[in-house]
Amino acid sequence: MDKAKKAELIKEFAVKEGDVGSSQVQIAILTERIKGLTAHMSANPKDKHTMRGLIRMVNRRRKLLRYLNSESHDEYTKIIKKLGLRK
């Protein structure tokens, strides 16, 4: 992920001006990184080191989503719909 894409995600999901660390922003950035690694894993299925990193990212995103759901269910449903995570 390049700087422009990351800045775009931060701008789109920021809760307030200058926000770079809220749960929404972290979830959006992790989702983008997970998409990239998923594509890499489909091309390189024996890359166990990348698989470990991918699993860590998915678990971290899951924990952040659980936290966001407990704090604000409305924000949780908004970000799920925006990112298209659950069906």
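Positions are given from 1 along the sequence.
Here the straight-line distance linking atom NZ of K46 with atom CE of M51 works out to 13.5 Å at 0.5 Å rounding. With rounding to the nearest 0.5 Å, the separation of CG in N69 from CG in D74 is 10.0 Å. Rounding to the nearest 0.5 Å places CG of L54 at 5.5 Å from CG of L37.
For H49, there are no ring-ring contact (aromatic ring centres under 6.0 Å, His included) partners at least two apart in sequence or on another chain. Residues meeting the side-chain contact (heavy atoms from CB on, under 4.5 Å) test with D2, sequence neighbours left out: A4, K5. A search for salt bridge (Lys or Arg N to Asp or Glu O under 4.0 Å) contacts involving E75 returns K78, not counting sequence neighbours.
Both L30 and M41 are members of a single hydrophobic cluster when ILVMFWY side chains are connected at heavy-atom separations under 4.5 Å. One hydrophobic cluster, built from ILVMFWY side chains closer than 4.5 Å, holds both L85 and I55. Linking ILVMFWY side-chain heavy atoms closer than 4.5 Å, directly or via other members, places V20 and I27 in a single hydrophobic cluster.
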Checklist entry - Step by step, would you call M1 with L9 a side chain to side chain contact (heavy atoms under 4.5 Å, CB included)? => result CA-CA 11 Å; M1 178 171 39; L9 286 171; 3.9 Å; yes
Next on the checklist: Assess the residue pair Q26 and R60 against the criterion (side chain to side chain contact (heavy atoms under 4.5 Å, CB included)); give the C-alpha distance rounded to whole Å, side-chain angles, the decisive distance to 0.1 Å, and a yes or no.
Outcome noted: CA-CA 10 Å; Q26 290 182 49; R60 185 168 173 212; 3.7 Å; yes
Item to check | Test side chain to side chain contact (heavy atoms under 4.5 Å, CB included) applied to L65 and I80, step by step | outcome: CA-CA 9 Å; L65 284 167; I80 291 294; 3.9 Å; yes
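One side chain, N59 or R62, offers a donor N or O that lies under 3.5 Å from an acceptor on the other.
Between A39 and S42, the shortest heavy-atom distance links the atoms O-OG, 2.7 Å. When all heavy atoms are compared, the tightest approach of V25 to I10 is CG1-CG1, 3.8 Å. Scanning all heavy atoms of the two residues, the minimum distance from F13 to S22 falls at O-OG, 4.4 Å. Between S23 and L68, the shortest heavy-atom distance links the atoms CB-CD1, 4.3 Å.
Judged by distance alone, with hydrogens and angles left aside, the side-chain atoms of T77 form a donor-acceptor pair with the main-chain N or O of H73 at under 3.5 Å. Under the 3.5 Å distance criterion, the side-chain polar atoms of N44 are left unmatched by any main-chain donor or acceptor of D47.
Heavy atoms of other residues, nucleotides or ligands lying less than 6.0 angstrom from NZ of K82 number more than 12.
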